[in-house]
Number of protein chains: 2
Amino acid sequence: MTDTEERKRGGGARLVYDTLRDEILDLALQPGEPVDEAGLADRFAMSRTPVREALVRLAGEGLVTMLPNRSTVVSQIDFPNLYAFFDALTLMYRVTTRLAAEFHTDADLHIIRARQATFAKAVMAGDTAAMITRNRDFHAAIAEAGRNPYYTPLFIRLLDEGRRILRLYYYPAFAPQDPHPYITEHEAIITAVAARDIPLCDRLAKDHADRIVQQIQAMIAADRRQPITL
Amino acid sequence: MTDTEERKRGGGARLVYDTLRDEILDLALQPGEPVDEAGLADRFAMSRTPVREALVRLAGEGLVTMLPNRSTVVSQIDFPNLYAFFDALTLMYRVTTRLAAEFHTDADLHIIRARQATFAKAVMAGDTAAMITRNRDFHAAIAEAGRNPYYTPLFIRLLDEGRRILRLYYYPAFAPQDPHPYITEHEAIITAVAARDIPLCDRLAKDHADRIVQQIQAMIAADRRQPITL
DNA sequence: CCCGCAAATCTTGTCGACAAACTTTATGCA
DNA sequence: TGCATAAAGTTTGTCGACAAGATTTGCGGG
């Protein structure tokens, strides 16, 4: 935690941004929790200026909310509108996979397969947290292959927000299935993308998204705690 | 231009952000043009700090690009990927209109109809520039009625980027048609939204988007200048 | 005349400080 | 005691200044 190394010029804001982003998505910083500029400046051993820049960027992505003349707080998870989240997530799964089928190159497929291998390892190991981030990386690679710079950032934001939502619940233990449905579904998606079969990609992506949404909803339903907004 | 009024605390960055955003979308600041912090600070009679905050926000939306240790420049219009723009624009037209049909309230309809009236006035007056912004406002209202906070900002960004693209070309003179297709299409959309007819909304939105895309492409094709990237 | 290197200039990234606005604590009055 | 008001204490928004990095200018050699 004590990083006494001197940072490169311009690396300050980046460091704070990356660190805070990760802590917010991991719920190390809980929704509603105030984020003190001076405290962060002290923690990262830098001035308030780069800290502030990081906060402005995080606010632009909706991860924090800067209340004018008041403290910055970690944004709440929008539970009343979870439907909107699932709707957008499913749509992005579909369109990015479709576009990947259309526009991917061999290099893209290489990256996608590598991500899938890493994802499979996380699933085999039963590491749910790693599985979530690796699933994100896998689909981010597919989105990149689709070459639509408007969809990709939104999709990544949605996948990250999904990580944040899932962190709220206890991860269920994995039943070590082999082959695991997630893995086989990913493999099917890769095959369909490589074959440039757009309708099939659309169907597979929708099924994949539906399964994930269903899983999340099941976890929420299983958890009797009602989300309370402060 | 000489605003000697003293600004409210916190209004500095907002003023710079709004002004620059508008100037970028109107091409008063051309793509690739460097944006000097000190110059802006001088122009708005404030320190570089709020100027920098505005630039960071604009960079977050992709309107400017901050080169590390180098000047900030107005982002280029991504001509090689115009297809991606049209694809995303059309999709957002469709999904926001669909969702509006599903989730709108009477208050939403009120706002939408008001925006449509303003839009119609711009069309009648043959004011192409106003027509573009009013069309944006109209569809932004529909997106708001759809109540999906993930789609709405993306859609607004796309509509604004469309304004920027259209500014590149000479606006064709309006043939004063009455009733004008754009107006009647909007009216049809309003009726379909009010009737909560989702499939009809989807079809109307797609047709509307296709018409607009076609119009933009026609303007680009009519203009023989090849977009040159510096 | 052209090319490469060094000095000068410019722009950005960061810092510490100060003032405005908000929050909390203390005080006075009913 | 309860409440409104005032004082003290935080926290943010803004400022001017300085240093690191990049760009331009100037100079010398080929």
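Chain letters run A, B, ... following the sequence lines, proteins first and then strands; every chain starts at 1. Worth saying up front: this structure is predicted, and the values here are computed from it rather than measured.
Among the protein residues, B/V35 comes within range of the sugar-phosphate backbone only, with heavy atoms under 4.0 Å from sugar or phosphate atoms but none that close to a base. Within 4.0 Å of A/V56, counting heavy atoms only, lies no atom of the nucleic acid at all.
Distance B/D36 CG to C/dT12 C1': 10 Å, rounded to the nearest Å. For the pair B/D42 CG and C/dT11 C1', the computed distance is 15 Å after rounding to whole Å. The CG atom of B/L67 sits 12 Å away from the C1' atom of D/dA22 (whole-angstrom rounding).
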Could you pull out every donor-acceptor pair under 3.5 Å between side chains of residues 77-88 of chain B and any protein atom, sequence neighbours left out?
unit_1, atom_1, unit_2, atom_2, d
B/N81, ND2, A/R147, O, 3.3
B/D87, OD2, A/Y151, OH, 2.8

Without placing hydrogens or testing angles, list every side-chain donor-acceptor pair under 3.5 Å for residues 27-41 of chain B, not counting sequence neighbours.
unit_1, atom_1, unit_2, atom_2, d
B/E33, OE1, B/Q30, N, 3.0
B/D36, OD2, B/G39, N, 3.0
B/E37, OE1, B/R48, NE, 3.1
B/E37, OE1, B/R48, NH2, 3.2
B/E37, OE2, B/R52, NE, 3.2

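The ring pair (Phe, Tyr, Trp, His ring centres under 6.0 Å) test applied to B/H208 returns B/Y93, B/H139, B/H186, not counting sequence neighbours. Residues passing the salt bridge (Lys or Arg N to Asp or Glu O under 4.0 Å) test with A/R136 are A/D160, sequence neighbours excluded. Partners of A/T65 according to the side-chain contact (heavy atoms from CB on, under 4.5 Å) rule, which considers only residues two or more places apart in sequence or in another chain, are A/L67, A/V73, A/S75.
Sparse packing is recorded around CD of B/Q214, with 12 or fewer heavy atoms of other residues, nucleotides or ligands lying under 6.0 Å away.
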Nucleotides 14-21 of chain D: which of its N/O atoms have a protein N/O under 3.5 Å away?
unit_1, atom_1, unit_2, atom_2, d
D/dT14, OP1, B/G10, N, 3.0
D/dT14, OP1, B/G12, N, 3.4
D/dC15, OP2, B/S47, N, 2.4
D/dA20, N3, A/R9, NH2, 3.3

